[in-house]
Amino acid sequence: MVLVSALITVYLATVAEAAVTVYGQIPFGQTATGAAAQPTRVVNAFNDTVLNPPPIPNPPLPTAFPLALQRDVASTPGLSTPHVGGGFFGFSIEMSVINQVLGKNSTHLYVPFLNLLSNLAERAGSVVIRLGGNTQEFATLVPELPDGRTFGKEDSGTTQTTRTPAVLYTVDMFYMMSNISAMLPVKWFLGIPFNDSTTWRLQIAENAQRILGDNLLGLQAGNEPDFYQQFGRRTEYSPQAYFTEIGQLIQTIDANPNIPVKNKLVGPSVATGPWTPEVVWETGFIDTYKDRLYALSVEHYPDNNCDAIFRPELGRNKDPQELFPGYLTHASAVDLVRPYLNSGNLAVAAQKPLIMFETNTASCGGFQGISDSYGAALWALDYGYQMAYGNFTHALLHVGGQNVFYNPFTAPPTNMSTFNQWTVGAIFYSTMILAETFGQSNTARIVDLNPNQGNPLTPAYGIYERDVLSKVALFNFVTDPSGNSDLKVAISIPNAGVPGSVRVKYLEAASVSQKFNITWAGQTFGNRFEVDGRLRGDVNVVEITCDRTANACVIPVKAPGFALVFMDSAAAASVGQASHTFATTAFTRLHNTVSVASQVLETSNGHNATNRKKYGSSSKGSVVGNDATGLTLSPVVAHGVAVLIAFAAAGVMLR
Ligand SMILES: *[C@@H]1O[C@H](CO)[C@@H](O)[C@H](O)[C@H]1NC(C)=O
Ligand SMILES: *[C@@H]1O[C@H](CO)[C@@H](O)[C@H](O)[C@H]1NC(C)=O
Ligand SMILES: *[C@@H]1O[C@H](CO)[C@@H](O)[C@H](O)[C@H]1NC(C)=O
Ligand SMILES: *[C@@H]1O[C@H](CO)[C@@H](O)[C@H](O)[C@H]1NC(C)=O
Ligand SMILES: *[C@@H]1O[C@H](CO)[C@@H](O)[C@H](O)[C@H]1NC(C)=O
Ligand SMILES: *[C@@H]1O[C@H](CO)[C@@H](O)[C@H](O)[C@H]1NC(C)=O
Ligand SMILES: *[C@@H]1O[C@H](CO)[C@@H](O)[C@H](O)[C@H]1NC(C)=O
Ligand SMILES: *[C@@H]1O[C@H](CO)[C@@H](O)[C@H](O)[C@H]1NC(C)=O
């Protein structure tokens, strides 16, 4: 096995590289804490603002309340339509930061990013990612860039609110995407530039279809067209004008033999700023174009921080401390989704997915202290569940690079980049938890239960799979270290239907304002500049014995807290998903190396997570068989190395 030993050498070199650590150092751009602290320009993604949690409610929160659930869907009104697979949250990555997030080029992808995706894919079966955003409108494919780079920038000369440079990219971008999809079940969206509707620039569609094939889900046709007039992209623009341009785009695509698949468009992606989705629906958009559409889409952020970022001289900065409580209530999620309930029903009727194509805590980068807090993770969980309840199929959290506060994940400044130095934003945990909640059965349905007399600080959801109750999600938005606001939620099911016991996974932190030391079922990705994309620590699934006589499973939820309760013993699958994490951790701790596709291991050796963890601690040589890329893995290599081989075969360098 000459090949294998050569690769093991690479593997060892990689481990050595991994030994470089910046933990404890004062990172680039972060202000020092000592007296000698130099005021430096702070990179927003690593901003240290910590807000005060909102005051403890007065009168106090009712903390012990019943939650009566029905066992099956037939007795449960108001359930969402069943959700398609692929998780719920995906990511929307601004084109200008692709090389901060995905990798340098198609042979140099970032391992922490792949590891993070692997954690989602393992739970959800696949992950959806959109490369686009404001930058897509002026993005231009060029034959080559200096120094063999994949991405470059030039000034787009525009004065739009979200000032973004024109992105230049080479065909290698598509190979990056394709190489990622060869390793992990990642599906993609791209956007057709809409800055010029007389001379359509369709190279992105041509190359995406040629290189990505079925891994391309769709092509966005227009990004926030309701802002085109305001941002100076059109002199006058109306929903009717947008409708007409879509028709022209379709004609152009029809005439283009290099775009063989004609029905992958995604629209209208209104920001729900100047236009509501309804004004677009009223043009006949859905009926006229539904055969050409992959999905309906909207985009929305609950707030914006544009003045602070782009017009600080006006002194109109919003105060995050004042805004924080507005995120820490169920009313936020309900208010955000309400404008789309009609669209959700239209999408169900048209049998099209409805996608929140871009969202996050606030546009123009989010707010310091809010966007990367545990509070934001609770907010994103509630918002995600509420969107699913409102019949959205996916929501894509926007990723904006080093200059924003809201990233689910951020690479270190480039001169510090060895692979284990990333930073995970609290909302990444929310993406993982939603993936785990809805699972891979493609049958998950969800209902907003509004318990505790509709108290907005203690929302709850019921999740049904295969037509029976499978999970319950419980929230406590209050921060109260005294314990007086801890909840005791008594779940009951008719006819003394509670099981003997349930399993609970918690997302924990001491305060809503906390940014680090956040754990999901006891595990964490690590704090700032510590993340390599793998969960650390032992999985802690809490088993709670139910009182079958009293028909109650009493679930404690700390203030603050989030609990995912696994109800159905037949849903061992659900708990099994949890053990995927366990298994991954087990072998990563042992081998302290790069692991990408634990899913590769899983399919390669024909073992599921449950039996994998059994030998994960002792038998290093047990990986045999074919992985997803069709490789034969040697029986003599360790797990970590086997994964490395999958990488090497795909032509990817490990750093
Ligand atoms: C965080 O960001 C805010 C808003 O840009 C800035 O005023 C503040 O100085 C930054 N603080 C730290 C500690 O990085
Ligand atoms: C979601 O769609 C289902 C139909 O499949 C409908 O019964 C339900 O009311 C919709 N949900 C909301 C919140 O409108
Ligand atoms: C990708 O970048 C690496 C490191 O800069 C370089 O060695 C490699 O040749 C590049 N690959 C391509 C396909 O350009
Ligand atoms: C659209 O953007 C491209 C690339 O930046 C540019 O070359 C072209 O002139 C633009 N067209 C219009 C009408 O602004
Ligand atoms: C990865 O990218 C390179 C281009 O640099 C390409 O030659 C190769 O075929 C790609 N591999 C896969 C699996 O797509
Ligand atoms: C990284 O680059 C920045 C800006 O060029 C510089 O200030 C900083 O010292 C560098 N950090 C390291 C660890 O080299
Ligand atoms: C995380 O928790 C540990 C133990 O409670 C504490 O020592 C450490 O300072 C915390 N780290 C951060 C970044 O909050
Ligand atoms: C995993 O394998 C074990 C042992 O073969 C089996 O009992 C269990 O049902 C499997 N779990 C799943 C989720 O397939």
Side-chain angles (χ1 to χ4, degrees), residues 26-33 37-51 73 76-84 99 102-110 144-151 169-176 178-179 305-312 315 317-321 323 333-334 336-354 362 364-373 385-393 402-406 414 417 445-450 461 464 515 528 650-655:
I26 295 175
F28 167 56
Q30 186 187 333
T31 45
T33 48
Q38 296 286 320
T40 52
R41 182 173 141 37
V42 172
V43 176
N44 288 345
F46 310 123
N47 183 290
D48 275 331
T49 303
V50 176
L51 302 173
V73 297
T76 310
L79 281 166
S80 67
T81 198
H83 284 89
V84 295
N99 60 353
L102 269 61
K104 242 179 181 168
N105 59 40
S106 60
T107 57
H108 192 122
L109 300 170
Y110 296 142
E144 59 177 8
L145 286 163
D147 308 325
R149 280 181 295 132
T150 301
F151 296 94
Y169 64 96
T170 70
V171 73
D172 193 58
M173 178 182 80
F174 303 100
Y175 289 112
M176 290 175 86
S178 160
N179 282 351
N305 196 20
C306 299
D307 281 344
I309 302 295
F310 294 112
R311 293 174 289 273
N317 297 6
K318 295 178 182 173
D319 178 4
Q321 184 63 63
L323 300 173
V334 171
L336 280 167
V337 175
R338 189 182 298 111
Y340 304 107
L341 293 179
N342 175 46
S343 301
N345 285 311
L346 294 176
V348 170
Q351 296 183 300
K352 293 291 169 192
L354 174 65
C364 292
F367 292 109
Q368 70 271 22
I370 293 179
S371 298
D372 53 355
S373 68
Y385 286 137
Q386 189 70 21
M387 283 189 273
Y389 168 61
N391 289 319
F392 278 90
T393 33
Q402 315 255 331
N403 292 330
V404 305
F405 300 106
Y406 56 44
T414 45
S417 51
R445 303 174 70 177
I446 182 165
V447 61
D448 183 354
L449 298 166
N450 255 317
Y461 294 86
Y464 291 74
K515 302 186 185 202
R528 181 181 297 166
V652 177
M653 244 178 75
L654 281 170
R655 48 179 301 261

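Whatever order the structure lists them in is the order used to number ligands and atoms, beginning at 1.
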Inset, instruction - Identify whether the distance between the nearest side-chain nitrogen and carboxylate oxygen of Arg528 and Asp48 falls below 4.0 Å. - result: yes
So which protein heavy atom does [atom] come closest to, and at what separation?
atom: atom 10 (C) of ligand 2; result: Asn391 ND2, 2.5 Å
atom: atom 6 (C) of ligand 2; result: Asn345 OD1, 3.9 Å
atom: atom 4 (C) of ligand 2; result: Val348 CG1, 4.2 Å
atom: atom 7 (O) of ligand 2; result: Leu79 O, 4.3 Å

Inset, instruction - Measure from the ring center of Phe405 to the ring center of Phe367 and say whether it is less than 6.0 Å. - result: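 Between Phe367 and Phe405, which both carry aromatic rings, the centre distance is not below 6.0 Å.
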Are [X] and [Y] packed together at the side-chain level, in the sense that at least one heavy-atom pair is separated by less than 4.5 angstrom?
X: Arg445; Y: Tyr389; value: no
X: Leu102; Y: Tyr110; value: no
X: Lys104; Y: Phe151; value: no

Atom indices of ligand 3, in the order listed, that fall short of 4.0 Å to a heavy atom of [X]:
X: Lys104; value: 5 (O)
X: Thr107; value: 1 (C), 8 (C), 10 (C), 11 (N), 12 (C), 13 (C)
X: His108; value: 3 (C), 4 (C)

Measure across [X] and [Y] and return the closest heavy-atom pair with its distance rounded to 0.1 Å.
X: Thr81; Y: Asn391; answer: N-OD1, 2.7 Å
X: Asn44; Y: Asn403; answer: ND2-O, 3.0 Å
X: Tyr406; Y: Gly365; answer: CD2-C, 3.2 Å

Legend entry - Where ligand 1 meets Asp48 - atom numbers and elements under 4.0 angstrom, heavy-atom basis: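 Under 4.0 Å from Asp48, ligand 1 has these atoms: 12 (C), 13 (C), 14 (O).
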Legend entry - Heavy-atom nearest option to atom 12 (C) of ligand 3, drawn from Asn179, Asn105, Leu109: Asn105
Legend entry - Among Asn47, Thr49, Asn317, Asn305, closest by any non-hydrogen atom to atom 2 (O) of ligand 1: Asn47
Legend entry - Contact atoms of ligand 2, heavy-atom distance to Leu341 under 4.0 Å: 13 (C)
Inset, instruction - Could you tell me which atoms of ligand 2, counted from 1 in the order shown, lie closer than 4.0 angstrom to a heavy atom of Tyr389? - result: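 The atoms of ligand 2 under 4.0 Å from a heavy atom of Tyr389 are 11 (N), 12 (C), 13 (C).
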